[in-house]
Amino acid sequence: MADHLISRRLQDKVALVTGAASGIGRATAILFAREGANIIAADVNDDGAAETVSHILREDGKASHHHLDVTCEDQWILLIQHIQQHYGRLDVLVNSAGISFAKPVIEITLDEWHKVLAVNLDSVFLGTKHGLLLMQRAGEGSIINLSSASGIKASPGASAYCSSKAALDMFSRVAALESARQGHKIRINSVSPGGVMTPMWENMEFWQDLKSSTGSDEASWKAIAEGVPLKRFATPEEVAQAILYLASDDSRFVTATNLVIDGGYTA
Ligand code: NAI
């Protein structure tokens, strides 16, 4: 039997993953499905989310994809209603949808600032709020929010991104303590990866220039990981393993924490 079929740490759990069309969200959806979860893969990128679902179905997992713009409260309400009607509960929510953005403070327009905060922070507030309302019916669940090493260590040129990630970590801790105080077994944690090899980087403007100068993707990843003590970026699958830990009962006493996975970058 393949290794991934042995533990089944999320057997029959219902898990909603945002940003599931790409990168960390996709790797998390695939890993969770291998662990027995029924996946709701949500994203604005419908084709990408459908590809994630096809991958899971090819491995005999359970998944469906749903359009979700994480900045839109009405869409959250509709999706949570759908989950309630079709599955009766929500066990795990992973808020992975996010965007990067780089510009010096004096060049950022207010619209750009609001856009980054909306996709990276409003999304987590909306998902946590509406996810919690459904989880509270069962009295248990796990919410994992994607923060970043950039929420801990300042990156010049990334004020909007860094601010959104620092704020979502604090938001997660407050929400976790509120849940604990209310007596629910609902745990809320954040995860802070350092650099991870995903399309988020490849879609940034500097990537093509970097690739022209280094000659290959592999050399480009190596070049941008120069400041990481372990001398490389993480794979999305490595981050997904940390998210799985927080989603599963293995972490049943872990709440209001921020799990850093950064190869020593923020140490
Ligand atoms: P990615 O770009 O590969 O995937 C992000 C996904 O979010 C995409 O599928 C995109 O369509 C979706 N998305 C964007 N806006 C959306 C919206 N309004 N509604 C619904 N979906 C939307 O990025 P990656 O690397 O997988 O990032 C996932 C999360 O991890 C993000 O929150 C990111 O900030 C965080 N992160 C990533 C790091 C990295 O180095 N890649 C490092 C630290 C944190």
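One-based numbering, in listed order, for ligands and for the atoms of each. These figures come from a predicted structure and were not determined experimentally.
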Nearest protein heavy atom with distance in Å, relative to [atom]:
| atom | answer |
| --- | --- |
| atom 20 (C) of ligand 1 | Leu68 O, 3.0 Å |
| atom 35 (C) of ligand 1 | Tyr161 OH, 3.9 Å |
| atom 31 (C) of ligand 1 | Ser96 O, 3.1 Å |
| atom 18 (N) of ligand 1 | Asp69 OD1, 3.0 Å |
| atom 16 (C) of ligand 1 | Val44 CG2, 3.6 Å |
| atom 3 (O) of ligand 1 | Ser22 OG, 2.6 Å |
| atom 30 (O) of ligand 1 | Ile24 CD1, 3.5 Å |

* May I ask whether Gly48 places a heavy atom under 4.0 Å from ligand 1? => no

* Asked: Does some non-hydrogen atom of Ala49 fall short of 4.0 Å from ligand 1?
  -> no

* Are side-chain heavy atoms of Ile39 and Val53 found at a separation under 4.5 Å? -> no

For [Y], does its backbone N or O pair with a side-chain atom of [X] as donor and acceptor, under 3.5 Å?
| X | Y | result |
| --- | --- | --- |
| Ser142 | Leu246 | yes |
| His82 | Leu78 | no |
| Ser155 | Ala158 | no |

* Closest candidate by heavy atom, reference atom 42 (C) of ligand 1, pool Gly194, Ala234, Pro236 -> Gly194

* Option of least heavy-atom distance to atom 10 (C) of ligand 1 (set: Val70, Ile243, Asp43, Leu146) -> Asp43

* Asked: Heavy-atom contacts under 4.0 Å between Phe233 and ligand 1: side chain, backbone, both, or neither?
  -> neither

* **Proximity to ligand 1 by part of Thr198, non-hydrogen separation under 4.0 Å** => side chain

* **Lys62 bridged to Asp12 by N-O distance under 4.0 Å** => yes

* To do: Please determine if Ser148 has a nitrogen or oxygen closer than 3.5 Å to a nitrogen or oxygen of ligand 1.
  => no

* Asked: Are Ser7 and Glu35 close enough, and set up right, to give a side-chain hydrogen bond (donor to acceptor under 3.5 Å, both in side chains), and what steps lead you there?
  -> CA-CA 7 Å; Ser7 59; Glu35 294 286 337; 2.7 Å; yes

* Does one side chain, of Asp169 or Ser190, offer a donor that lies under 3.5 Å from an acceptor on the other? -> yes

* Ligand-residue contact atoms, ligand 1 with Gly23, heavy atoms, under 4.0 Å -> 3 (O), 26 (O)

